[in-house]
2 protein chains.
Amino acid sequence: MLPDVEPPTPIAAATMPPRDRSVERVRVFNRFYTRRLDLLDRGFLASPYTLGEVRILWELAHREGVSAADLSRELGIDPGQMSRTLGRLVGAGLIARVADAGDARRSTIALTAHGREVLAPLEAEQRRRVAAGLRGLTPEAVGRLVAAMADVERLLEPERAGDLMIRPHRPGDVAFVVARQARLYVDDFSFDERFEELISRVAADFLRDFDPRREASFIAEVDERIVGAVFVTRKDDEVAKLRLLHVESEMRGRGIGTRLVDACVRFARERGYRTLTLWTNDVLVEARRLYERAGFRLVASEPHRMFGPPLVGETWDLTL
Amino acid sequence: MLPDVEPPTPIAAATMPPRDRSVERVRVFNRFYTRRLDLLDRGFLASPYTLGEVRILWELAHREGVSAADLSRELGIDPGQMSRTLGRLVGAGLIARVADAGDARRSTIALTAHGREVLAPLEAEQRRRVAAGLRGLTPEAVGRLVAAMADVERLLEPERAGDLMIRPHRPGDVAFVVARQARLYVDDFSFDERFEELISRVAADFLRDFDPRREASFIAEVDERIVGAVFVTRKDDEVAKLRLLHVESEMRGRGIGTRLVDACVRFARERGYRTLTLWTNDVLVEARRLYERAGFRLVASEPHRMFGPPLVGETWDLTL
DNA sequence: TCCATTCAATTGACTTTATCAACTGAATGG
DNA sequence: CCATTCAGTTGATAAAGTCAATTGAATGGA
């Protein structure tokens, strides 16, 4: 009998609309990462505990006051399954159930000292395996990997983002911020290369003339990833200029812009400036709202086509 | 009985050495992505086929000449397990075994037409789920997500990278390249902000003065991610200058640099220049090798400290 | 040419996981 | 106060995971 078989279909990425192509790329990544995770998880094979058990132990090691229902919800495990697995773990003396004070149905699960002892070497082995996977990479590449992973996390679940840090710029940061701004305004507002040129030059001048006593940079960082920035430059003894404010789109609406603008205002006031001024464009509505709320007043506006599409340039001032 | 329980340990990221901190960040990402993949895989719940079966079907749909052993190796499934699962799938008429011509032990597995029919709606459902996950993102954010995923893949497994494309720059690309160069030279060679300033200004001037008849940009792209670049600018009618060559570290040693330099040489020759010149520094040994192999000759060198650490600036010329 | 070795594929035995449904006893909210 | 919801358990059954053993076919030197 000659079996009735079919030839495989290649993924014809090039001919798809961009959205579909992205979906396909994400699926490729998912399969790729499924296998990597699979390899890592096999690290637990050496131990007498199963992956499911270890996942529960890990969860308990890093959280407090967890119930069986919490675990099954969060690890995506069937409650019945969970009940049996927990039973086994209790039997082995790795975990203990504590009756909930307020709710007689619930009981809180926690690791015992023995459970912690069992988990420690498993975690160490996991860490060794992850570290081995990073072995071939330069520190720079490891940094990029971590940054790329942080991007994936933040883009898929903005609420997972860690705490915001605001710090001065370090070498390389200014160029990074310029690149992000260029990308943002090109993609969202179709600004052309004249905008890219302008901010590249602003950056070069800032780097050349930077005077830390009279000027400042504020880089907003989340999980070691730059998510926004702003600069204050000296125009003259009386007037400081706020420049290059931006916040990554997925991090907007969490007060980062406000904190950056506030930092500028505080700095300008502290250093004895009388006015803080800035130039922006009407299409940047979110930024305008920030300025307005910080007390800036629109003092001039003129239509222009400096960057391709018709815009209205606006000067905003804040008297300090 | 008062159970002997232990309080959880927070991940004290801040106090760790950077390498360990990176390992910890990777582990956090792994757990995060494990859950996401888990959610996606539940998409197959509606069908009468199990995840293992679908994974096999998917693999068969996109590859040719696969044996049972190949599948169990690549999907990380026990050969015994695989044998039984394949048996079930053959029984259901989704796949067929074809005896291998050369090796009587082996048999090649392939999808039947029916198998393809069964898989199609499952794949469509998967795509719908992935697309739903991207729904909340702007196109710009989707682009960043895909780019970040491509970074993760390329950094972890450079050999997975797709085909190289070389194209002219588009708005935003020059600023991006400047940012990558600044980061690279700051991290690897401790260049200071004067380097960042210099290349920002070079970029601004390039964008302002760009003359497509006499000048060119070559952006190397893999999987829609910029992995290298180089520019050719006009110095005078006789002399063209090669500028800002760089290749991302994880993509080196695959001929990308050579192809970029070749593109420059070809362009300069085509446009009637007599000489192609460039300025670089002794520490950039990989780049120097590229220039040498392309026929450039070192014509001048002078020590300097323009960017912080002591360097030897070098001028290389190629007579066209 | 032969034979120990390796390899593809299967089978057996057994444990654990996955999934669905049913059930108990305890909160909860009109 | 009572229908409803919820935490947790138990039962049944199919599938997955794991380890060991087996068959028959290649393979690579001695």
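Reminder, nothing fancy here: chain letters follow the sequence lines and each chain counts from 1. Side chains included, hydrogens not; waters and symmetry mates left out as well; all remaining heavy atoms used.
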Residues that R27(B) engages under side-chain contact (heavy atoms from CB on, under 4.5 Å), provided they are two or more places apart: W58(A), E123(A), Q126(A), R127(A), V130(A), V23(B), E24(B), R31(B)
Candidate nucleotides dA9(C), dA26(D), dA16(D), ranked by approach to the side chain of A104(B) - the nearest: dA26(D)
Given dT16(C), dG8(D), dA16(D), the nucleotide with the shortest approach to the side chain of T50(A): dT16(C)
Rounded distance (Å) that lies between atom C1' of dT18(D) and atom CG of D41(A): 16 Å
Contact nearer the 5' end of DNA chain C, comparing R88(A) with A69(B): A69(B)
E53(B) CD - dA16(D) C1' separation (whole Å): 11 Å
Distance, rounded to the nearest Å, where L51(B) contributes CG and dA16(D) contributes P: 9 Å
L71(B) CG to dT10(C) C1', straight-line distance once rounded to whole Å: 15 Å
Check ion pair E248(B)-R144(A) (N to O, under 4.0 angstrom): yes
Rounded distance in Å - CZ (R106(A)) to C1' (dT9(D)): 17 Å
Nucleotide dG8(D), atom P - distance to CZ of R105(A) in whole Å: 8 Å
R73(B) side chain, from C-beta outward: closest of dC6(D), dA8(C), dT10(C): dA8(C)
Contact residues, residues 77-84 of chain B to DNA chain D [heavy atom, < 4.0 Å]: D78(B), Q81(B), R84(B)
Spacing between D70(B) atom CG and dA9(C) atom C1', to the nearest angstrom: 12 Å
Nucleotide of dG8(D), dA9(C), dT9(D) approaching R97(A) most closely (side-chain heavy atoms): dT9(D)
Length of the line joining D100(A):CG and dC6(D):P, which is rounded to integer Å: 17 Å
Given V142(B), L137(B), T138(B), the one that forms side-chain contact (heavy atoms from CB on, under 4.5 Å) with E140(B): T138(B)
Student check: side-chain heavy atoms of L156(A) and L145(B) closer than 4.5 Å: yes
Residue pair D163(B) / V222(B), side-chain heavy-atom distance below 4.5 Å: no
Salt-bridge present (R289(A), E292(A); N to O < 4.0 Å): no
Short N-O contact, R55(A) and E59(A), less than 4.0 angstrom: no
G-U wobble or Watson-Crick pairing nucleotide for dG30(C) (cut-off 3.5 Å, both distances): dC1(D)
